[in-house]
Amino acid sequence: MTSEIVAHAREQGRNLLTEIEAKAILEDAGIPTTSARLATSPDEAARIAGEIGYPAVLKVVSADIVHKSDSGGVALGLSDEAAVRAAYEQILASVAAAEPGARIDGVAVQAMARPATEVIVGVSRDPQYGPLLMFGLGGVYVEVLKDVSFRLIPITPRDAHQMVREIKSRPLLEGYRSREPASLEALEQLLLAVSNLVEAHPEIEQLDLNPVLAYRDGVLAVDARAYLSPSPPSL
Ligand code: ADP
Ligand code: MG
């Protein structure tokens with residue numbers, strides 16, 4: 001499955017995988033996601049949402065767009081068929097205005113996940129040390145406070161145990177005030193699964209699970225982005 005997705009993107013000369021493809025790869029690695037299905041018309045989006053169940057989420061699918069919400073490409077909490085149809089048209093219009101010329105494949109339809117603490121798992125490659133795994137809380141905790149932990153891939157269970165506990169915002173994970181406490185064990189399993197995935201697929205150059213929702217009883221990746229390394233030169 002993962003190898004086929006990689007081969008398909010390479011055939012099309014793409015390094016950026018779609019959210020649909022990136023989530024399929026995560027599912028293949030045992031990581032739960034709000035898996036997404038492609039719709040190419042408002043009718044198809046409404047039909048898929050009906051199968052998945054409401055509330056639904058729609059997002060633009062384009063190999064030219066990296067930050068979907070920045071260009072108006074994400075619609076959350078759609079409660080019925082009419083809302084899905086309207087959101088489909090709205091996303092296409094917003095994205096066309098924000099990113100003229102972007103090639104749009106259609107819209108990804110997925111389930112709306114229950115809110116929870118948002119965490120980020122990232123993989124990047126250091127030219128000297130190789131693949132690096134990053135973990136932190138979402139939003140300002142990563143972007144402003146840089147409150148993250150890092151390890152070289154492959155990580156050990158002990159690394160995973162430490163990574164989720166050494167960030168300063170750890171009390172938020174443990175259920176500060178009215179927050180639902182996150183399962184630290186599920187987060188450790190997630191980090192190990194991402195490490196194994198990247199070890200098994202060195203063609204994955206960069207991976208961003210942003211955000212992953214961290215619940216009392218498990219995790220759920222609601223957005224995923226993956227970049228492949230440049231294709232090996234053909235001989
Ligand atoms: P972007 O490309 O802008 O990062 P995301 O897919 O991350 O787009 O969507 C933006 C935000 O919307 C996420 O950070 C998350 O808070 C929320 N979100 C996205 N998908 C879902 C979903 N399936 N269920 C619940 N919330 C979601
Ligand atoms: Mg995101």
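No hydrogens, no waters, no symmetry mates; every other heavy atom, side chains included, goes into these values. The shown structure was predicted, so the numbers you read here are calculated from the model rather than taken from an experiment.
Under 4.0 Å is where a charged nitrogen must lie from a carboxylate oxygen, and between R225 and E21 no such pair does. Classification of R165 and E188 as a salt-bridged pair holds, one side-chain N sitting under 4.0 Å from a carboxylate O.
Closest non-hydrogen pair, V84 versus A56, comes out as CG2-CB, 4.4 Å. Of all heavy-atom pairs spanning I91 and L58, the tightest one is CD1-O, 3.5 Å. Contact record, V57 with A111: CG2-O, 4.1 Å, taken as the closest heavy-atom pair. Closest approach of L152 and I155 over heavy atoms only: O-CG2, 3.4 Å.
For the 3.5 Å distance criterion, the side chains of S229 and E205 fail to qualify, holding no donor opposite an acceptor. In this structure, a donor-acceptor pair under 3.5 Å is absent between the side chains of R216 and S183. Donor-acceptor pairing under 3.5 Å is recorded for the side chains of T33 and E27.
Side-chain atoms of R151 do not come within 3.5 Å of backbone N or O of M134 as any donor-acceptor pair. Side-chain N or O atoms of Y88 include one that pairs as donor or acceptor with a backbone N or O of S41 at under 3.5 Å.
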Mind running side-chain hydrogen bond (donor to acceptor under 3.5 Å, both in side chains) on K23 and T18 for me, showing each step along the way?
CA-CA 8 Å; K23 282 179 167 174; T18 66; over 6 Å; no

Quick one, S94 with Q90, criterion side-chain hydrogen bond (donor to acceptor under 3.5 Å, both in side chains). Give me CA distance, side-chain angles, the key distance, then yes/no.
CA-CA 6 Å; S94 305; Q90 176 65 50; 2.9 Å; yes

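A continuous path of ILVMFWY side-chain contacts below 4.5 Å connects I204 to L133, so both sit in one hydrophobic cluster.
For residues 68-81, the salt bridge (charged side-chain N to carboxylate O under 4.0 Å, His left out) pairs, not counting sequence neighbours, are E19-K68, K68-D223, E81-R85. Each salt bridge (charged side-chain N to carboxylate O under 4.0 Å, His left out) pair with one or both residues in residues 111-135, not counting sequence neighbours, appears once here: R114-E180.
The side-chain heavy atoms of I65 and V95, taken from C-beta on, include a pair separated by under 4.5 Å. Proximity of V66 to Y227: side-chain heavy atoms (C-beta onward) are separated by under 4.5 Å at one or more points.
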